[in-house]
Protein chains: 2
Amino acid sequence: MGAYPSLSIGALSKATGTTVVTIRWYERVGVLPTPARTPGNYRAYGKAHLDRLSFIRRARDLGFSLDEVRDLLRLSDDKDQSCEAVDQVARQHLAEVTRKIADLKALRRELQDLIGQCRHGTFADCRIVQALSPRQSRR
Amino acid sequence: MGAYPSLSIGALSKATGTTVVTIRWYERVGVLPTPARTPGNYRAYGKAHLDRLSFIRRARDLGFSLDEVRDLLRLSDDKDQSCEAVDQVARQHLAEVTRKIADLKALRRELQDLIGQCRHGTFADCRIVQALSPRQSRR
DNA sequence: CTTGACCCTATAGCGGCTACAGGGTCCATA
DNA sequence: TATGGACCCTGTAGCCGCTATAGGGTCAAG
């Protein structure tokens, strides 16, 4: 149960699967607090940084923007309040993801239609080229 | 059957639903050819530009990158060849879209799990915060 | 004392625009 | 003829979330 050993940026990088450059970037844009420095000016991270960075990575993997991550972190610093606000952020993000899926599905159907019509003839006959070109003919 | 009247950038903008700034951007990055100029240095577009810009917009709406659009345009300038290459670009893009949909669906499921577990208690009990924080506890 | 792995800062670039700032042009009306 | 307003011009900087490069400093092993 000694003092938690401090981590170099490289060690933190390996521990979280985040590149060194990205870690410095997170510090720069204020989602990861500035760590202590060694006499040689190397960053020295503690357990709190490891936890925080893990949180950030997980949220990013789930598609939250850095702004949303900032919100989530700020909310999680007010420990006493109910997590309704957090839930709200998550639900909003979920709605956005759902919308994106719908958009991509519509797009996929269009692409499939397009590709399905291609008969590999000469270019003038190509349905893909025809379908792409005249915007007004496709309501 | 007179000469096709030339369009100002604003007219082209309205005709294609593209902002004036974006049209100039397309010219700058080389997907839309530089138009003629009036004596007052205004851009004067012809029917070819209208067709080309419509093509670009439609392809962008379908999620093609500007690089892919460049490819499609270059391919469609070689009129004689079969449209196999075009088909290839489209199929590749379709595969990418399909992959994105799958990714987003996995992500949505995770978010739904997370949100479904929230019981709006105090923060310490919040499943969302817990689930976000410890990265190593989730396989 | 040198090698090589690691670390530092600062700056520029990616895609696909968007938003200024600071002007010029054109046409209708007074 | 003057003026107002709609339109147009160029150039630069900003957005997001990094990534890449240049040009150094630090540290431990051999």
Side-chain angles (χ1 to χ4, degrees), chain A residues 5-32 34-46 49 52-53 55-73 93 96-97 100 103 107, chain B residues 5-32 34-46 49 52-53 55-73 89 92-93 96-97 100 103 107:
Chain A
S6 82
L7 295 167
S8 72
I9 197 169
L12 186 62
S13 165
K14 262 169 207 147
T16 60
T18 314
T19 72
V20 165
V21 189
T22 299
I23 293 174
R24 286 197 281 251
W25 169 255
Y26 285 162
E27 178 182 334
R28 210 166 137 64
V29 298
V31 289
L32 195 61
T34 57
R37 295 291 180 129
T38 67
N41 202 30
Y42 284 17
R43 287 172 179 81
Y45 294 99
H49 290 100
R52 189 114 170 174
L53 182 53
F55 184 107
I56 295 167
R57 291 304 303 191
R58 176 100 184 102
R60 292 290 297 129
D61 284 351
L62 286 170
F64 289 95
S65 71
L66 278 186
D67 266 359
E68 289 170 323
V69 170
R70 244 184 294 263
D71 286 351
L72 290 172
L73 287 170
H93 179 54
E96 216 170 296
V97 169
K100 260 186 205 160
D103 285 355
L107 199 146
Chain B
S6 80
L7 296 167
S8 72
I9 197 170
L12 187 62
S13 165
K14 262 169 207 148
T16 61
T18 314
T19 72
V20 166
V21 189
T22 298
I23 293 174
R24 285 197 283 250
W25 169 255
Y26 286 161
E27 178 181 334
R28 208 166 138 64
V29 298
V31 289
L32 194 63
T34 58
R37 296 289 181 129
T38 67
N41 202 31
Y42 284 17
R43 286 172 179 82
Y45 295 99
H49 290 100
R52 189 115 172 173
L53 182 52
F55 184 107
I56 296 168
R57 290 305 301 189
R58 175 102 185 102
R60 293 288 298 128
D61 283 352
L62 286 170
F64 289 95
S65 71
L66 278 186
D67 266 0
E68 288 169 323
V69 170
R70 245 183 294 263
D71 286 350
L72 290 171
L73 286 170
V89 173
Q92 194 167 328
H93 179 55
E96 215 170 297
V97 169
K100 260 185 204 161
D103 285 356
L107 199 147

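- Rounding to the nearest 0.5 Å gives a distance of 11.0 Å between CG of B:L66 and CG of B:L72.
- Checking D:dC7, D:dC18, D:dC9 against the side-chain heavy atoms of B:K14 singles out D:dC7 as nearest.
- Within the 3.5 Å criterion, the main-chain N or O of A:T18 finds a donor-acceptor partner in the side chain of A:S13.
- The list of salt bridge (charged side-chain N to carboxylate O under 4.0 Å, His left out) pairs with a residue in residues 6-21 of chain A, not counting sequence neighbours, is empty.
- Listed for the A:H93 side chain is a donor-acceptor partner under 3.5 Å among the backbone atoms of A:L62.
- The shortest distance between the side-chain N/O atoms of A:T22 and the OP1/OP2 oxygens of D:dT19 is below 4.0 Å.
- Residue contacts for B:T38: at a heavy-atom cut-off of 4.0 Å it reaches no nucleic acid atom on any strand shown.
- The phosphate of D:dC8 has OP1 or OP2 within less than 4.0 Å of a side-chain N or O from B:S8.
- Side-chain nitrogen and oxygen atoms of A:Y26 include at least one within less than 4.0 Å of the OP1 or OP2 phosphate oxygen of D:dC18.
- Remark: B:R43 is in phosphate contact with D:dC9, judged by side-chain N or O atoms under 4.0 Å from OP1 or OP2.
- Ranked by how close their nearest DNA chain D nucleotide is to the 5' end, A:W25 and A:G40 are led by A:W25.
- The pair A:R58-A:D61 fails the salt-bridge criterion, with no side-chain N (NZ, NE, NH1 or NH2) lying under 4.0 Å from an Asp/Glu carboxylate O.
- Taking a heavy-atom distance under 4.0 Å as the criterion, the stretch of DNA chain C touched by chain B extends 5' to 3' from C:dG16 to C:dC26.
- Judged by distance alone, with hydrogens and angles left aside, the side-chain atoms of B:Q92 form no donor-acceptor pair with the main-chain N or O of B:V89 at under 3.5 Å.
- Of the side-chain N and O atoms in B:R24, none sit less than 4.0 angstrom from OP1 or OP2 of D:dC8.
- At a threshold of 4.0 angstrom between heavy atoms, the contacts of B:R28 with the nucleic acid are absent.
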